[in-house]
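Below, each value reflects all heavy atoms present in this structure, side chains not excepted, and no hydrogens, waters or symmetry copies.
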Amino acid sequence: GDWDVMAGQFFTNYLEAVHVIEPFELPPGAEFFVALDHGWTHWTTVHLAMKYDGKVFIVDEYGARRTLVVDHVPAILAMLKRNNLGLPKIRRCVAGHDIFAKRGDSGTTIADSYKAEGIVWKPAIVDRINGAGEIVRLLGEPMTEDPHKEPKLFIFNRCAGLIRQIAEMVHDPNRPDDVLKVDCDEDGDGGDDFYDSARMAIMETAAKKKAGWSTLNVA
């Protein structure tokens with residue numbers, strides 16, 4: 001039944017029947033955030049998150065492997081466009097810190113390559129333990145009558161990668177408050193990349209940024 005929790009499952013309060021919902025028209029006045037987890041043999045994954053009425057919605061996702069930045073960017077922009085959004089509507093675009101590392105003799109970064117194609121990423125909040133804790137908090141307790149614990153995180157059913165991975169995440173035996181890091185196999189199956197980008201997007205919705213923060217992500 002609904003409560004067939006696998007051994008060691010991290011998000012035991014995740015209930016697909018409650019947390020996965022049909023997409024609806026995005027309301028005016030919502031705040032939008034985009035997060036990227038970039039990879040080559042690993043997946044490159046991107047999630048679009050919306051904060052509205054005190055709740056967080058994972059609206060859409062993009063994923064590809066062994067794909068160049070020049071091809072990722074049009075696909076990410078197309079994901080936004082199918083939600084009637086463009087970069088100026090996104091409050092913050094954030095990415096895992098590895099894209100900001102200088103590579104080789106050229107001294108350029110993957111972030112530079114994205115910027116050249118029109119997307120400027122800021123460093124994400126990558127704290128894994130607080131990220132997992134925030135997800136647990138937002139998932140709430142679906143079976144309780146307590147209004148303080150009602151679910152505040154919902155995933156549009158088109159986000160197949162995240163829906164698959166959030167249910168598969170298990171505790172790290174060495175750090176019980178963290179989710180065990182898992183890599184996809186050679187065929188790209190498994191892994192946690194969709195979970196990672198969603199976690200970073202969710203942390204942005206919770207972030208308190210100082211006044212005067214620039215909302216413009218366009219290069």
Side-chain angles (χ1 to χ4, degrees), residues 10-15 18-21 23-24 26-38 45-62 76 79-80 83 85 87 89-100 119-142 144 146-156 159 161-163 165-167 169 171-172 175-181 192-217:
F10 196 95
F11 299 106
T12 52
N13 56 339
Y14 168 71
L15 205 56
V18 171
H19 295 107
V20 177
I21 62 172
F24 57 83
L26 305 184
E31 283 187 290
F32 297 98
F33 305 84
V34 173
L36 163 80
D37 185 30
H38 182 90
T45 57
V46 177
H47 280 97
L48 170 63
M50 174 174 76
K51 188 176 187 179
Y52 183 72
D53 193 25
K55 299 183 178 72
V56 176
F57 301 85
I58 305 298
V59 171
D60 211 339
E61 73 179 12
Y62 160 72
I76 294 166
M79 178 189 72
L80 295 179
N83 292 285
L85 296 171
L87 285 174
K89 290 264 182 78
I90 307 302
R91 177 82 183 273
R92 282 193 292 283
C93 292
V94 299
H97 296 183
D98 48 346
I99 75 160
F100 302 102
I119 302 182
V120 177
W121 300 101
K122 308 264 192 256
I125 301 163
V126 293
D127 181 327
R128 292 180 60 87
I129 288 176
N130 280 334
E134 179 66 8
I135 293 171
V136 168
R137 187 184 74 78
L138 289 170
L139 287 170
E141 292 179 21
T144 180
D146 183 345
H148 297 297
K149 293 180 179 173
E150 65 183 32
K152 291 187 171 64
L153 175 63
F154 300 94
I155 304 168
F156 283 16
C159 300
L162 175 60
I163 290 165
Q165 287 182 1
I166 194 170
M169 296 293 99
H171 289 270
D172 183 333
R175 300 174 78 197
D177 292 338
D178 193 9
V179 174
L180 183 66
K181 183 104 195 86
D192 57 8
D193 305 291
F194 288 97
Y195 165 72
D196 279 345
S197 53
R199 185 192 74 230
M200 292 187 291
I202 289 163
M203 285 300 273
E204 284 306 310
T205 70
K208 303 281 186 285
K209 296 289 184 184
K210 55 185 177 291
W213 180 267
S214 167
T215 59
L216 209 57
N217 292 294

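For D127, the side-chain hydrogen bond (donor to acceptor under 3.5 Å, both in side chains) partners at least two apart in sequence or on another chain are N130. H97 meets the ring-ring contact (aromatic ring centres under 6.0 Å, His included) test with no other residue; sequence neighbours excluded. For H19, the ring-ring contact (aromatic ring centres under 6.0 Å, His included) partners two or more places apart in sequence, or in a different chain, are Y14. Annotation: salt bridge (charged side-chain N to carboxylate O under 4.0 Å, His left out) contacts of R137 (sequence neighbours excluded): E134. Checked against side-chain contact (heavy atoms from CB on, under 4.5 Å), A30 has the following partners two or more places apart in sequence or in another chain: P27, F32, M50, Y52. Residues satisfying the salt bridge (charged side-chain N to carboxylate O under 4.0 Å, His left out) criterion with D193, sequence neighbours excluded, are absent altogether. Under the side-chain hydrogen bond (donor to acceptor under 3.5 Å, both in side chains) criterion, T45 pairs with S197, not counting sequence neighbours. Listed by chain and residue number, nothing satisfies the salt bridge (charged side-chain N to carboxylate O under 4.0 Å, His left out) test with D172 (two or more places apart in sequence, or in another chain). Residues forming a ring-ring contact (aromatic ring centres under 6.0 Å, His included) with Y195 (at least two apart in sequence, or on another chain): F11. When the side-chain hydrogen bond (donor to acceptor under 3.5 Å, both in side chains) test is applied to D177, no partner is found at least two apart in sequence or on another chain.
Summarising the geometry, atom CG belonging to D196 is positioned 14.0 Å from atom NE2 belonging to H38; distances are rounded to the nearest 0.5 Å.
Between the side chain of D60 and the backbone N or O of L80, no donor-acceptor pair lies under 3.5 Å. No donor-acceptor distance shorter than 3.5 angstrom exists from the side chain of E204 to the backbone of V94, with no hydrogens or angles considered.
In this structure the side chain of L26 never reaches within 4.5 angstrom of the side chain of F57, judged on heavy atoms. By the 4.5 Å heavy-atom criterion applied to side chains, Y62 and L48 are not counted as neighbours.
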Could you go through residues 146-155 and list every donor-acceptor pair under 3.5 Å that involves a side-chain atom there, pairing it with any protein atom two or more places apart or in another chain?
from, atom 1, to, atom 2, distance (Å)
D146, OD1, H148, N, 2.8

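Note on ring orientation: taking the six-membered ring where Trp is involved, the planes of H47 and F194 are perpendicular (angle over 60°, cut-offs 30° and 60°).
When all heavy atoms are compared, the tightest approach of H171 to P176 is ND1-O, 2.8 Å.
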